[in-house]
Amino acid sequence: MRPALHCEWTKLRTVAGPSWLLLATVVLTVVLSAFAATSARYAQAGPGLDLTRLSLTGIYLGQAIVAILGVVSISSEYAFGVISITLAAVPGRWTVLAAKAVVVGGLALAAGTVAVLGSLLAGRLILPGHGFTVAHGYALLSLAHGPTLRAVAGSVLYLGLIALLSLGVATAVRSSAAAIGIVLGLLYLFPIIAAVVPDAHWQRHLQQIAPMTAGLAVQATVNVRNLPISPWGGLGMLAAWAAAAVLVGALLLKLRDV
Amino acid sequence: MSTTPAPYRSNLPAGGGGFLQLLHAEWTKFRTVRGWMVALVVAGLLVVLMAYLATFHHQNFVQAGPGSPVVVAHPFVPLGPSGEAVTDTFYFVHQSLQGNGSITVRLSSLTGLIEQSSGSGSLGQGHSQGSSSQTQARPGLVPWAKAGIIVKDSTRQGSAYAALMVTGAHGVRLQYDYTHDIAGPPAAVSTASARWLRLSRFGDVLSGSESTDGAHWTTVGSIRLAGLPQTVQAGLFVTSPPLVLSRVFASPSASSATAVFDQVSLAGNWPQNTWSGLRVGAGSVGAGTVTPTLGAGGFRQTGGTFAVTGSGDIAPAVGDVGYTPYESLQGVFVGLLVVIVLGALFITAEYRRGLIRSSFVASPRRGRVLAAKAVVLSAATFAVGLIAAAIALSLGDRLLRATGNYLYPVSALTELRVVLGTAALFALAAVLALALGAILRRGAGVVAAGIVLFVLPSVLGASYLPTSAEQWLLRLTPAAGYAIQQSLVRYPQVSYAYTAANGYFPLAPWAGFAVLCAYGALALGLAFMLLRRRDA
């Protein structure tokens with residue numbers, strides 16, 4: 001396993017693409033979060049706004065970049081034929097996939113930590129200037145606050161799971177364009193369909209199984225009882241999606257010719 | 001001895017180098033990949049499926065009164081003088097005015113009540129079945145509470161009118177025929193600072209003026225109401241629309257307002273010489289009013305002083321009252337997603353397989369290859385988008401009508417714009433993805449960028465992003481193009497959550513569409529430039 005890990009790490013480390021993607025993940029996440037915080041006003045929002053969730057808005061965009069990372073880590077090997085060399089070097093196909101999962105997941109977690117903490121810091125600096133002050137019943141965002149810590153840790157894990165989900169889907173379908181279409185479709189279209197479907201009962205069910213809506217329930221710090229799914233339960237739902245994708249990818253990788 | 005065989009030469013005539021041949025070549029490439037044709041059909045089907053999902057559930061029931069049968073129908077929505085859907089619910093203290101004349105009043109107090117929200121509001125239609133007795137109310141005046149004097153064609157809902165009023169927070173206004181609004185001086189009314197209002201009729205012309213002391217008058221405006229009958233209903237009115245919070249999912253709270261009028265003086269021929277009170281729009285209450293109201297309203301006359309309480313609104317109807325073509329086309333995202341993947345693959349697949357070099361050998365002018373690709377792709381996606389949008393729209397309309405929902409009157413021209421615009425959205429999304437594909441050459445990046453640009457703003461709008469941030473995204477990103485699907489008009493004089501989820505976009509339809517076109521042109525231009533400069 002260790003040589004396989006080292007091999008995957010070298011492959012990702014020595015091309016420029018992944019490091020740009022990681023940088024883009026951090027920058028885009030923090031920029032969108034700061035934009036969301038900048039456009040919030042106490043006068044419009046009133047009391048009871050979930051500031052933690054608001055300052056982590058950027059993850060909606062950051063996850064797309066993490067998804068690209070997860071997808072290209074395998075689909076680029078298919079595109080350039082490197083996969084046959086990889087599998088010749090490491091014939092255990094599951095070992096290859098596991099090594100990729102560890103490296104890609106680890107990188108996503110690392111970039112996610114920086115991105116999420118940066119977003120929270122931006123919110124902490126911006127929001128009090130827009131009326132979200134202690135006088136109005138809003139405490140300063142802080143990791144010492146239990147639910148906020150859960151939101152931060154959960155968001156980082158969320159990005160790691162998104163990378164695994166993308167890796168699994170890309171392993172299964174091989175084409176990078178199709179894979180990213182499927183992953184982002186899974187993430188973004190569920191909430192839109194849930195919003196379009198008028199029946200409240202079905203809406204709730206859709207929100208419970210949608211990988212993004214359920215997974216991001218972990219960001220909630222206000223009104224947690226009324227969520228369609230509990231914070232950790234939601235992250236568990238995303239983990240189930242990711243596990244299913246990786247499993248299908250692993251089976252196809254094992255059963256198929258390259 | 002052997003002779004060397006002559007090298008093979010094809011008997012086929014050499015192909016022309018014209019653009020038509022190029023188009024034919026690209027169309028053949030597109031047509032013969034089975035997955036792409038399937039994807040194109042799937043994109044269309046998804047739009048229709050989403051229209052079905054979005055509309056088949058809404059079942060609306062109306063009971064005309066206790067004991068009467070429940071029928072599938074929608075509450076009565078009056079139509080204004082120019083055929084638009086309006087809200088016309090208010091308390092009217094009126095008498096007939098024959099010919100020309102005027103009415104002058106002093107408004108010395110305007111106060112209000114706002115329904116206390118009971119925690120979670122219903123997410124369904126904003127229809128309240130009359131007003132329930134157990135509602136709690138707190139004191140408060142909504143910004144568009146209206147009290148003043150009105151001259152109206154008749155007491156029928158939707159008839160022509162002109163009204164001069166003091167509002168909760170928008171000063172003195174002269175409004176007429178529902179959609180028109182003229183601002184007067186900003187002024188709040190209290191016992192310390194009363195307002196005099198005067199509305200006079202001369203033929204078809206109505207003029208309103210206001211004063212702070214009853215002696216010095218300022219004209220607010222003069223307007224013409226064509227076709228006003230000889231005898232009109234005129235008098236005092238009070239109404240108060242529901243309080244709308246900026247939160248997307250907060251349901252509006254009904255409100256009422258009470259105004260105290262005194263020093264009422266009339267000029268002209270008022271034959272009845274006695275005031276009667278009427279709750280305009282009360283007839284439709286049993287069937288569920290479209291504007292939630294608070295209390296039944298009423299008036300009390302003591303000497304020359306009138307205390308009038310009313311609830312409702314006199315304004316163009318917005319939002320929850322009914323549905324627009326947009327309701328059936330909300331699912332267009334889903335189709336766009338497929339189209340974006342298709343547009344990206346149409347060029348990145350050539351790069352991946354090295355086919356692009358063959359294409360450029362066959363047609364060395366690279367710009368023309370890209371142009372041919374763009375034409376083929378946009379024509380194919382436009383056609384599919386057009387068929388899908390037309391089917392989705394008629395299916396949605398039929399389902400909504402069958403389940404007793406109100407559909408806003410939309411002109412045929414607007415409907416045509418929405419359908420053609422949706423088809424153009426398909427084509428532009430595909431061409432933008434194609435251009436991005438020529439620039440980036442990598443499928444994953446292109447598809448992700450396309451999806452993020454087109455779909456993410458809508459996802460964010462439905463999430464926790466503040467409304468103002470959503471509005472900026474819908475101005476600046478290619479998602480601005482969705483504005484072409486808007487069929488309602490935004491009225492500044494009506495408080496409502498004018499968000500994309502409710503079918504309102506921050507840019508005007510053609511302006512939003514122009515933003516999307518600008519993105520497409522920019523990307524194509526960049527792609528042309530890079531194709532010429534870079535190696536293939």
Side-chain angles (χ1 to χ4, degrees), chain A residues 17 21 28 32 35-41 43-46 48-50 53-54 56-57 60-61 64-65 67-69 71-72 75-76 78-80 166 170 175-185 187-189 191-200 202-203 212-213 216 219-220 226, chain B residues 35 39 46 50-51 53-59 120 122-125 245-247 250 327 330-331 333-334 337-338 340-342 344-345 348-349 351-353 433 437 442-452 455-456 458-473 501:
Chain A
L21 287 175
L28 291 177
L32 181 61
F35 172 66
T38 316
S39 54
R41 296 278 181 286
Q44 286 170 2
L49 191 70
D50 193 338
R53 184 160 211 170
L54 177 73
L56 297 181
T57 303
Y60 281 90
L61 181 54
I65 318 294
I68 298 180
L69 179 73
V71 165
V72 297
S75 69
S76 66
Y78 278 106
F80 298 109
S166 317
S175 153
S176 63
I180 197 79
I182 291 172
V183 170
L184 293 187
L187 294 178
Y188 291 145
L189 287 187
I192 291 183
I193 294 172
V196 166
V197 169
D199 186 283
W202 277 102
Q203 247 175 25
M212 182 173 84
T213 329
L216 287 181
Q219 289 189 338
N226 291 338
Chain B
L46 282 173
M50 288 299 287
L53 281 180
T55 51
F56 86 110
H57 263 289
H58 298 270
Q59 185 92 334
S120 60
S122 71
L123 278 171
Q125 293 254 65
L245 297 168
S246 63
R247 296 269 183 76
E327 190 71 18
Q330 284 181 74
F333 303 104
V334 190
L337 204 106
V338 179
I340 287 169
V341 175
L342 205 57
L345 280 177
T348 55
Y351 276 106
R352 193 174 140 194
R353 308 280 181 207
R442 297 292 183 82
V446 178
V447 172
I451 292 174
V452 162
V455 181
L456 187 61
S458 315
V459 175
L460 286 173
S463 76
Y464 280 74
L465 202 66
T467 310
S468 58
E470 183 212 11
Q471 305 279 299
W472 277 112
L473 286 178

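The chains referred to below are lettered A, B, ... by the order of the sequence lines, with proteins before strands, and numbering in each begins at 1.
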Heavy-atom distance under 4.5 Å to chain B: side chain of A:Leu216, backbone, both or neither?
neither
Side chain to side chain contact (heavy atoms under 4.5 Å, CB included) between A:Ser176 and B:Arg352: does it pass, once the steps are laid out?
CA-CA 11 Å; A:Ser176 63; B:Arg352 193 174 140 194; 5.6 Å; no
Provide the closest heavy-atom pair for B:Val452 versus A:Ala64 in the form atom of the first, atom of the second, distance.
CG2-CB, 3.6 Å
When rounded to the nearest 0.5 angstrom, what is the spacing between CD1 in A:Ile193 and CG in B:Leu46?
8.0 Å
Distance in Å, A:Tyr188 OH paired with B:Ile451 CD1, rounded so as to fall on 0.5 Å steps:
8.5 Å
Ignoring hydrogens, what is the shortest heavy-atom contact between B:Phe333 and A:Ile192? Give both atom names and the distance.
CD1-CG2, 3.5 Å
So which part of A:Thr213 gets closer than 4.5 Å to some heavy atom of chain B, the side chain, the backbone, both or neither?
neither
Looking at every non-hydrogen atom in both residues, tell me the closest pair between B:Leu473 and A:Phe35 and how far apart they are.
CG-CE2, 4.1 Å
Evaluate the side chain to side chain contact (heavy atoms under 4.5 Å, CB included) criterion for residues B:Val459 and A:Met212: first the C-alpha distance (whole Å), next the side-chain angles of each, then the deciding distance (0.1 Å), finally the verdict.
CA-CA 11 Å; B:Val459 175; A:Met212 182 173 84; 3.5 Å; yes
If you round to the nearest 0.5 Å, how far is CG of B:Leu337 from CG of A:Leu189?
5.0 Å
What part of B:Ala448 gets closer than 4.5 Å to chain A, counting heavy atoms only: side chain, backbone, both or neither?
both
Heavy-atom contact with chain B under 4.5 Å, split by part of A:Leu61
both
Smallest heavy-atom separation, A:Ile68 atom then B:Gly445 atom, equals CD1-CA, 4.2 Å
Can you list the residues that meet the side chain to side chain contact (heavy atoms under 4.5 Å, CB included) rule with B:Val341, with sequence neighbours excluded?
B:Leu345, B:Val447
Can you tell me how far apart CG (A:Leu32) and CG (B:Leu460) are? Round to the nearest 0.5 Å.
5.5 Å
Return the set of residues passing side chain to side chain contact (heavy atoms under 4.5 Å, CB included) with A:Ile182 (not counting sequence neighbours), or none when no residue passes.
A:Val169, A:Val173
